[in-house]
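Some notes on the structure that comes next.
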Amino acid sequence: ASSKGCQKISGSQIRDLLDAKRFVLFDCDGVIWNGETAVPGAPEVVSLLKQQGKGVFFVTNNCTRPRENYVQKFSRLGFSDVVQEEIFSSAYCSAVYLRDVAKVQGKVFVIGGNGVYKELQDAGVPFVEEEAGVSEESIYDCPLDSEVRAVLVGYDEKFNFLKLAKACCYLRNADCLFLATDPDPWHPLRGGRVTPGSGSLTAALETATDRKATVIGKPSRFMFECIASQFGVDPALALMIGDRLETDILFGANCGLDTMLTLTGVSGMDEAEGYKDSDALEKKDFVPDYVVDTIADFLDAQEE
Ligand code: PLP
Ligand code: CA
């Protein structure tokens, strides 16, 4: 069952691929940085592509920071020329969706943190802020806001039973929208630890309500639609680079982009080959077109 995909490329093959593209979309964690550490060479790669006149965008499922904090993070990690308009996070895109697509008339009940709150505020979308931990409220008599028309679930380190219970009550109303910033199951932390992702919190609420959330982040197409509508990106001229097959590579496939797996993050070559060799057709969209060890290989490609 071997067909196209998983092509390991280096040197002039990388150069030829990049020469054919006008736009490069980078996933963040696992591609350009790992936590608070830049992938060695990544800042130079981003600068080089920009000097060559390419449109460079950052597409992250991490909803914990507003975009202005990402600008600071880029700068802190040595990326000197990244601007806010190039950053598309699941929190920002969720706010855009609620404002421009759903045009929600009412408040949003948020399971999430400051990244989501700040983006909703900037977009002018009203929301209910939970004061976690301080209340003596119970599931029997906690107040519910009659103006809530949407529930948005994202990564929330202050997730608790009462938030889940309230969200569950709001979603009894079939007219209340159910959105998730991203479906990520877990994330690697330093020292071999992991943290549960937004997807695990959404799954709890899906079970409790027997509903399915609309996903805004990768692999849904919406983040690409945000980029394309603002910058006029032709999918045929764009490359999506990611480290997770089930989100980044599927996202690229869903949007009609060529895809590249880099091996500095979550997914490995064995998993990519596994999907490629699988007989299940629905697994084919997890197979990257290209594979590199690290995006730093782009630098060598220029020197040859
Ligand atoms: N969400 C959270 C809370 C994270 O910590 C991370 C990665 O660290 C992500 C999402 C995934 O981010 P990305 O899409 O940039 O890999
Ligand atoms: Ca990633």
Side-chain angles (χ1 to χ4, degrees), residues 24-39 42 46 56-67 69-74 76-77 79 82 86-94 110-119 152-159 179-203 213 215-224 226-227 239-252 254-255 257 259-268 271-272 286 288 291-292 294-295:
V24 181
L25 279 65
F26 288 101
D27 165 55
C28 293
D29 203 71
V31 174
I32 61 165
W33 59 53
N34 281 296
E36 276 297 313
T37 314
V39 167
V46 169
V56 175
F57 303 105
F58 301 91
V59 192
T60 179
N61 271 0
N62 191 328
C63 65
T64 61
R65 303 163 193 262
R67 290 200 296 171
N69 285 25
Y70 277 111
V71 176
Q72 291 165 3
K73 176 167 183 177
F74 274 101
R76 189 164 72 239
L77 268 51
F79 298 82
V82 174
E86 295 163 334
I87 302 167
F88 289 81
S89 73
S90 56
Y92 168 71
C93 292
S94 295
V110 178
I111 291 175
N114 286 334
V116 174
Y117 290 142
K118 184 66 176 40
E119 293 294 358
L152 172 60
V153 185
Y155 183 82
D156 188 347
E157 289 184 352
K158 298 197 173 113
F159 185 73
L179 302 183
T181 56
D182 68 90
D184 291 4
W186 54 271
H187 302 285
L189 298 177
R190 266 176 294 133
R193 295 201 173 199
V194 297
T195 182
S198 311
S200 64
L201 309 183
T202 305
V215 172
I216 300 298
K218 298 170 289 182
S220 146
R221 292 174 45 91
F222 185 68
M223 289 176 107
F224 181 71
C226 281
I227 299 174
L239 176 68
M240 172 67 205
I241 307 174
D243 72 306
R244 199 169 214 154
L245 301 168
E246 298 82 359
T247 47
D248 303 320
I249 301 306
L250 180 58
F251 168 74
N254 285 343
C255 301
L257 318 177
T259 56
M260 178 186 280
L261 175 71
T262 170
L263 300 176
T264 47
V266 169
S267 299
E271 291 154 78
F286 297 147
V291 182
V292 295
T294 159
I295 59 165

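The analysis underlying the following values was restricted to heavy atoms, covering all of them including side chains, and did not include hydrogens, waters or symmetry mates. Numbering of ligands and ligand atoms starts at 1, following listing order. Numbering of residues begins at 1 and proceeds along the displayed sequence.
Which parts of ligand 1 touch Asp27 is read off a 4.0 Å heavy-atom cut-off, strictly below it: atoms 13 (P), 14 (O), 15 (O), 16 (O). Ligand 1 places these atoms under 4.0 Å from at least one heavy atom of Cys28: 15 (O). The contact set between ligand 1 and Asn61, taken as ligand atoms under 4.0 Å from a residue heavy atom, comprises 1 (N), 10 (C), 13 (P), 14 (O).
Here Thr195 has no heavy atoms under 4.0 Å from ligand 1, in either its backbone or its side chain.
Between Asp248 and ligand 1, not a single N/O pair is under 3.5 Å apart. For ligand 1, the polar-atom distance check against Lys218 finds a nitrogen or oxygen pair separated by under 3.5 Å. Residue His187 has at least one N or O atom closer than 3.5 Å to an N or O atom of ligand 1. In terms of polar-atom proximity, defined here as any N/O pair under 3.5 Å, Thr60 does make such a contact with ligand 1. Between Asp29 and ligand 1, at least one N/O pair is under 3.5 Å apart.
The angle that Asp243 OD1 and Asp29 O make at the Ca ion (ligand 2), rounded to 10°, works out to 90°.
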message: One pair to check against side-chain contact (heavy atoms from CB on, under 4.5 Å): Cys255 and Met223. What are the steps and the verdict?
response: CA-CA 10 Å; Cys255 301; Met223 289 176 107; over 6 Å; no
query: Going through the distances and angles, do Arg244 and Asp27 end up as a salt bridge (charged side-chain N to carboxylate O under 4.0 Å, His left out)?
result: CA-CA 9 Å; Arg244 199 169 214 154; Asp27 165 55; over 6 Å; no
message: Set out, in order, the CA-CA distance, both residues' side-chain angles and the distance that settles salt bridge (charged side-chain N to carboxylate O under 4.0 Å, His left out) for Arg190 and Glu36, then state yes or no.
response: CA-CA 10 Å; Arg190 266 176 294 133; Glu36 276 297 313; over 6 Å; no
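Sorting the N, O or S atoms of Asp27 by how far they are from the Ca ion (ligand 2) puts OD2 first.
By the 30° and 60° cut-offs, the orientation of the rings of Phe79 relative to Phe74 is perpendicular.
Not one N/O/S atom of Asp248, from backbone or side chain, sits under 3.0 Å from the Ca ion (ligand 2).
By the side chain to side chain donor-acceptor pair (under 3.5 Å) test, Ser89 is found to be paired with no residue, residues two or more places apart in sequence or in another chain being considered.
In this structure, Ile216 CD1 and Cys63 SG are separated by 12.0 Å, a value rounded to the nearest 0.5 Å. Cys28 contributes atom SG, which lies 6.5 Å from atom OH of Tyr70 (distance to the nearest 0.5 angstrom).
In this structure, the protein non-hydrogen atom closest to atom 4 (C) of ligand 1 is Asn62 ND2, 3.2 Å.
Side chains of Thr60 and Asn62: a donor-acceptor N/O pair is absent below 3.5 angstrom, by distance only.
Counting only distance, with no hydrogens or angles, the side chain of Thr264 and the backbone of Gly30 share a donor-acceptor pair below 3.5 Å.
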